[in-house]
There are 2 protein chains.
Amino acid sequence: MEQTKDYLSSHGIRPSAQRMAIMDYLLSHKTHPTVEEIYTALLPLLPTLSKTTLYNTLKLFSDKKVALMLNIDEHTTRFDGDVKPHAHFQCQVCGRVYDIFQEELPELVSLYKQQIGKLLISSVEISYKGVCEMCKNKKD
Amino acid sequence: MEQTKDYLSSHGIRPSAQRMAIMDYLLSHKTHPTVEEIYTALLPLLPTLSKTTLYNTLKLFSDKKVALMLNIDEHTTRFDGDVKPHAHFQCQVCGRVYDIFQEELPELVSLYKQQIGKLLISSVEISYKGVCEMCKNKKD
DNA sequence: TTCATTTTTGTAATCATTTTAAATAATTCA
DNA sequence: TGAATTATTTAAAATGATTACAAAAATGAA
Ligand SMILES: [Mn+2]
Ligand SMILES: [Mn+2]
Ligand SMILES: [Zn+2]
Ligand SMILES: [Zn+2]
């Protein structure tokens, strides 16, 4: 938790109790949670936590590059404390979001970083959809 | 318009007046429109058109692979009548969505098509964000 | 035409997110 | 220290996109 404090500080984020709890949650849950999921999980720890704080904080984290805001899910935004370049896969049966760390991806990302034609690039999101192993097996 | 009828039919979609008008709109407006934009544009042509029909139809088009449902915009879903593999770029200043047809992209897409590890892939969406040329120049 | 099926429509409901303004906490510096 | 300023959090209300639902209209086969 002391690490989290330093991590936030070093990224220009004042480490309030709420912010540390939210960052901790993101760093320890690689499930690409929704706002609702984070809220439900943190309520026991921070009984007065409001959704507005959650939204504000996640926006701040995204601006300061300590979290990714994922648009892979058509219903709701998901968040990721892992900011290393990687792609995602969402299972259309169970909704789970999986990480995809492939060698070619960072390459592709850096390849296009900064500019494509006259467009100034600042970020990229690569999202796959399909059926995960668990759900595939269930069908048999 | 006769072409549109055949296009829909050949993809197993019954070509109603509404469906043809919506498909025509998507094919002739490569702007990645929102539901709202499509609705406003078509209302003069189809005065009784309902939003529900629009949502149903766009979902159907997406299922039948004659349109893409894009999640690049965090506020609203956008649609694309161009189903050839390509990536998108959204300007964070003006909100416009641009097409990116790069040689490497179809490669990457086909590379990962079908499977990554044990995940069964059915589609991929590649989304860049940044500032477009127009907005970049305005700032100077 | 008759009956069944498909499609469209309008309304209401839902749900994620944003707005707003007040309350609380932290920081500054006289 | 302690009053003033600034930053953060909170709760409630508003917004906006999407979905659910049930009735009406259109289509198509028998
Ligand atoms: Mn991830
Ligand atoms: Mn496109
Ligand atoms: Zn699954
Ligand atoms: Zn722009």
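Comparing atom distances between the B:L49 side chain and each of C:dT9, C:dT7, D:dT9 picks out C:dT9 as nearest.
Using a 4.0 Å cut-off between a side-chain N of Lys or Arg and a carboxylate O of Asp or Glu, A:E133 and A:K138 do not qualify as a salt bridge. Ion pairing of B:E36 with B:K51 is present here, as a side-chain N (NZ or NE/NH1/NH2) and a carboxylate O approach within less than 4.0 Å.
Nearest heavy-atom pair, A:V124 versus B:I126, reported as atom, atom and distance to 0.1 Å: CG2-CG2, 4.2 Å. Scanning both residues, B:L46 and B:A21, for their nearest heavy atoms gives CD1-CB, 3.6 Å.
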If the sugar-phosphate is the primed atoms plus P, OP1 and OP2 and the base is the rest, what is the B/S/- string for nucleotides 15-30 of chain D, using protein heavy atoms under 4.0 Å?
--SBBBB------S--
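For B:S16 and C:dT7, the shortest distance from a side-chain N or O to OP1 or OP2 is not below 4.0 Å. OP1 or OP2 of D:dT10 lies within a sub-4.0 Å distance of a side-chain N or O belonging to A:Q18.
Atom-to-atom, CZ of A:R78 to P of C:dC15 comes out at 16 Å; the value is rounded to the nearest Å. As a whole-Å value, the separation of B:L60 CG from C:dT6 C1' is 12 Å. In this entry the distance linking CE of B:M23 with C1' of C:dT7 reads 18 Å, nearest Å. For the pair A:F61 CZ and D:dT8 C1', the computed distance is 13 Å after rounding to whole Å. Put simply, CG on A:L45 is 17 Å from C1' on D:dT9, counting in whole angstrom units. Counting to the nearest Å, the P atom of C:dT17 and the NZ atom of A:K59 are 14 Å from each other. When rounded to the nearest whole Å, the span between OH of A:Y39 and C1' of D:dT9 equals 12 Å. We find that CG of B:L42 is positioned 15 Å from C1' of C:dT8, with the value rounded to whole Å.
When heavy atoms are screened at a 4.0 angstrom cut-off, B:T34 is found touching no nucleic acid atom at all.
Applying the side chain to side chain donor-acceptor pair (under 3.5 Å) rule to A:K64 yields no partners; only residues at least two apart in sequence or on another chain are considered.
Side-chain contact between B:V35 and B:L58: present, with at least one pair of heavy atoms (C-beta onward) separated by less than 4.5 Å.
No side-chain donor from either of A:H32 and A:D73 sits under 3.5 Å from a side-chain acceptor of the other.
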